[in-house]
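For reference, the structure discussed in these notes is given below.
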Amino acid sequence: MLLVDPTRELGAKETNGFRGQTLALDQQRELFRRWTTDKHVHPHEAVMGMLALLHGASSSEVRMLRIDDIDQQAHTVRLGKRPHHVPLDPASWAVLQRCLAHREAWRTDNPHVMVTKGTKAGRSPASTAYLSHVLDDCGFPPRMIRSTRLVDLVNTMDPKLVAAAFGMDPQATLIYLADHVDPGRLPDR
């Protein structure tokens, strides 16, 4: 008699859910304080961090942010392919103004908000490599900080609304849905 395992060739399908790390609330508060109160923090770190933490901005959106994307009157910025300007809270606005003052000191015609030694004489944005390391001193990568915001928004709001606000495909936001239930949101028995 020959026994054969009929499931030998079958594999379990991996779920497409978000598997990345996110920041705990106390870590978010610590970063917020770092970027809004510590004058020794580089302005590029502060603006990248705040836009990722509070507004879910990607490194690419911040990297490509130009002076003409800022509405000084309305305190808004245009980020990437988002369909509307993003209104900035007072803390984010103050951090952006600090970054603009840093940029102004370079006396450059580069149209981007983030200007480096290598880009001040030209018109190109800061390099992707620069942006990937701009948050090294805080200890958390930009993607993790942004993911923290997206996970929170998608799990507390309608994922389709988040997708529309961020200019994302609705399917792209669904990976951020958590596969756990917050007991604080369940009714008492």
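A donor-acceptor contact shorter than 3.5 Å is absent between the side chain of Arg149 and the backbone of Ala52. Judged purely by atom type and a 3.5 angstrom limit, Asn110 uses its side chain to pair as donor or acceptor with the backbone of Thr119. Under a 3.5 Å cut-off, the side chain of Arg146 and the backbone N or O of Leu51 do not form any donor-acceptor pair.
Under the rule for a side-chain hydrogen bond (donor to acceptor under 3.5 Å, both in side chains), the partners of Glu45 that lie at least two apart in sequence or sit in another chain are Arg34, Trp35. Remark: Tyr130 engages His44 in a ring-ring contact (aromatic ring centres under 6.0 Å, His included) (not counting sequence neighbours).
With contacts defined as side-chain heavy-atom distances shorter than 4.5 Å, the pair Cys99/Val113 qualifies. When side chains are defined from C-beta on, Pro141 does not count as touching Leu135, because their heavy atoms never get closer than 4.5 Å. The shortest side-chain heavy-atom distance between Thr22 and Met144 does not fall under the 4.5 Å cut-off. The closest side-chain heavy-atom distance from Leu88 to Thr76 is not below 4.5 Å. With contacts defined as side-chain heavy-atom distances shorter than 4.5 Å, the pair Arg78/Val86 does not qualify. Taking the side chain as every heavy atom from C-beta outward, Arg103 and Thr108 approach each other to under 4.5 Å.
No option in Thr148, Asn155, Thr156 other than Thr156 meets the side chain to side chain contact (heavy atoms under 4.5 Å, CB included) test with Asp152. With respect to Pro159, the side chain to side chain contact (heavy atoms under 4.5 Å, CB included) criterion is satisfied by exactly one of Leu150, Val154, Ile175: Val154.
Residue pairs meeting the ring-ring contact (aromatic ring centres under 6.0 Å, His included) criterion with at least one partner in residues 81-101, sequence neighbours excluded, are His75-Trp93.
Side chains of His55 and Ser92: a donor-acceptor N/O pair is present below 3.5 angstrom, by distance only.
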